[in-house]
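Chain identifiers are assigned alphabetically (A, B, ...) following the order of the sequence lines, protein sequences preceding nucleic acid strands; residue numbering begins at 1 within each chain.
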Amino acid sequence: MVKQLDYHALQRIFSRFREAEAEPKGELHHSNAFTLVVAVALSAQSTDIGVNKATKRLFELADTPEKMLALGEEAVIEHIKTIGLYRNKAKNVIKLSRILVESYGGQVPSSRAALQSLPGVGRKTANVVLNMWFGQPSQAVDTHILRLGNRSGIAVGRDETAVERAIEDNVPAEYQLHAHHWLILHGRYICTARKPKCAICPIRDDCLYEEKTE
DNA sequence: ATCCCGAGGG
DNA sequence: CCCTCTGGAT
């Protein structure tokens, strides 16, 4: 089990992230709060590239909850059939759209509780929306961040919630807002699940991961 | 703990 | 072939 890195190490790591990319963005295509919620919900256990491919036409036809309802579940299924878990996701997109229309005036709510009450929206998705759309320094922990956090010592914890706390407790305040995207992009492209690219890793000096142990 | 579940990479 | 991908609901 890797130890949690201290404040000074995290200061060095995040200053390098910021140096390379001052305003890191997510890679899920969306045009408004509604399409962001749907895109993030669809991204569960799927790649951004695959989600973007599927939502391109879907969002041309329906970029509001009203239009999504009019489109209907069967049509949604046809558009997202190339994404894993598509049946559950299509059902959730329709149910979620209905709730937004009936209870929120067609708007996406800004509170965590309201977001998480939507079908298919759990803690991680709510955190992404709070961060990306409402500008809150919330930490959405996905598969990449869970892996990167525990390998490197940036944020150590047994599950997503523990890693989320570790980020909040240990990452310097000035980096909290963008931490999610810096971490996920680093996990996606450098600290990959299988053969992590340690040779070109910009934070190698502070990382606790030993390539030999995997 | 288990189910959902296709595409892409190695 | 097996593993992984911005998880959530039961």
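Rounded to a whole angstrom, the distance from the C1' atom of B:dC5 to that of C:dT4 is 13 Å. Straight-line distance between the P atoms of C:dT6 and B:dG9: roughly 12 Å, to the nearest whole Å.
Nucleic acid contact for A:V51: none, since no nucleic acid atom lies under 4.0 Å from a heavy atom of the residue. A:G50 comes within contact range of no nucleotide atom at all, as no heavy-atom separation falls under 4.0 Å. As judged by a 4.0 angstrom heavy-atom cut-off over every strand, A:G187 is placed among residues making no nucleic acid contact. Using a 4.0 Å heavy-atom distance criterion, A:I83 is classed as a sugar-phosphate-only contact. Here A:T82 lies in heavy-atom contact (under 4.0 Å) with sugar-phosphate atoms only. Using a 4.0 Å heavy-atom criterion, one finds that A:K81 contacts the sugar-phosphate atoms exclusively. Within 4.0 Å (heavy atoms only), A:T192 reaches no atom of the nucleic acid at all. Using a 4.0 Å heavy-atom criterion, one finds that A:I49 contacts no nucleic acid atom at all.
Taking hydrophobic clusters as Ile, Leu, Val, Met, Phe, Trp and Tyr residues chained together by side-chain heavy-atom distances below 4.5 Å, A:V121 shares a cluster with A:Y104.
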Requested in this report: Start with the C-alpha distance between A:E27 and A:R188, add both sets of side-chain angles, then the distance that settles salt bridge (charged side-chain N to carboxylate O under 4.0 Å, His left out), and finish with yes or no.
Outcome: CA-CA 11 Å; A:E27 299 182 325; A:R188 182 178 295 166; 2.5 Å; yes

Query - Trace of the salt bridge (charged side-chain N to carboxylate O under 4.0 Å, His left out) decision for A:E160 with A:K124 - result: CA-CA 9 Å; A:E160 290 82 353; A:K124 181 261 175 183; over 6 Å; no

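Within a 6.0 Å sphere centred on CD of A:E174, heavy atoms belonging to other residues, nucleotides or ligands number more than 12. Within a 6.0 Å radius of CD1 in A:I49, other residues, nucleotides and ligands contribute 12 heavy atoms or fewer.
Put simply, CZ on A:R87 is 17 Å from C1' on C:dA9, counting in whole angstrom units. In this structure, CG of A:D159 is placed 13 Å from C1' of C:dG7, rounded to the nearest angstrom. Atoms CZ (A:R112) and P (C:dG8) sit 11 Å apart, rounded to a whole Å. Rounded to a whole Å, the CG atom of A:L96 is 12 Å from the P atom of C:dG8. Computed from coordinates, the A:E27 CD to C:dC5 P distance equals 14 Å when rounded to whole Å. Here the C1' atom of nucleotide C:dC3 and the CD atom of A:Q45 are 12 Å apart, to the nearest Å. When rounded to the nearest whole Å, the span between CD of A:E160 and C1' of C:dC5 equals 14 Å. The separation between A:K124 atom NZ and C:dA9 atom P is 13 Å, rounded to whole Å.
Within the structure, every side-chain polar atom (N or O) of A:R194 is placed at least 4.0 Å from both OP1 and OP2 of C:dC2. Here A:H180 does not reach the OP1 or OP2 of C:dT6: none of its side-chain N or O atoms lies under 4.0 Å away. When the side-chain nitrogen and oxygen atoms of A:R188 are compared with OP1 and OP2 of C:dT6, one or more of them lie within a distance under 4.0 Å.
Toward the 5′ end of DNA chain B lies the nearest nucleotide of A:G84, the other residue of the pair A:K53 and A:G84 mapping further downstream. Heavy-atom distances to DNA chain C give each of A:L118 and A:T47 a nearest nucleotide, and the one nearer the 5′ end belongs to A:T47. Along DNA chain C, the nucleotide nearest A:R147 and the nucleotide nearest A:N88 are compared for position; the residue whose nucleotide lies closer to the 5' end is A:R147.
The nucleotide range of DNA chain B contacted by chain A, defined by atoms under 4.0 angstrom from heavy atoms of the protein and reported 5' to 3', is B:dC4 to B:dG10.
Annotation: side chain of A:H29 is not in contact with side chain of A:D48 (no heavy-atom distance under 4.5 Å). By the 4.5 Å heavy-atom criterion applied to side chains, A:H186 and A:P202 are counted as neighbours.
Side-chain N or O atoms of A:H180 include one that pairs as donor or acceptor with a backbone N or O of A:A140 at under 3.5 Å. Within the 3.5 Å criterion, the main-chain N or O of A:L10 finds no donor-acceptor partner in the side chain of A:N170.
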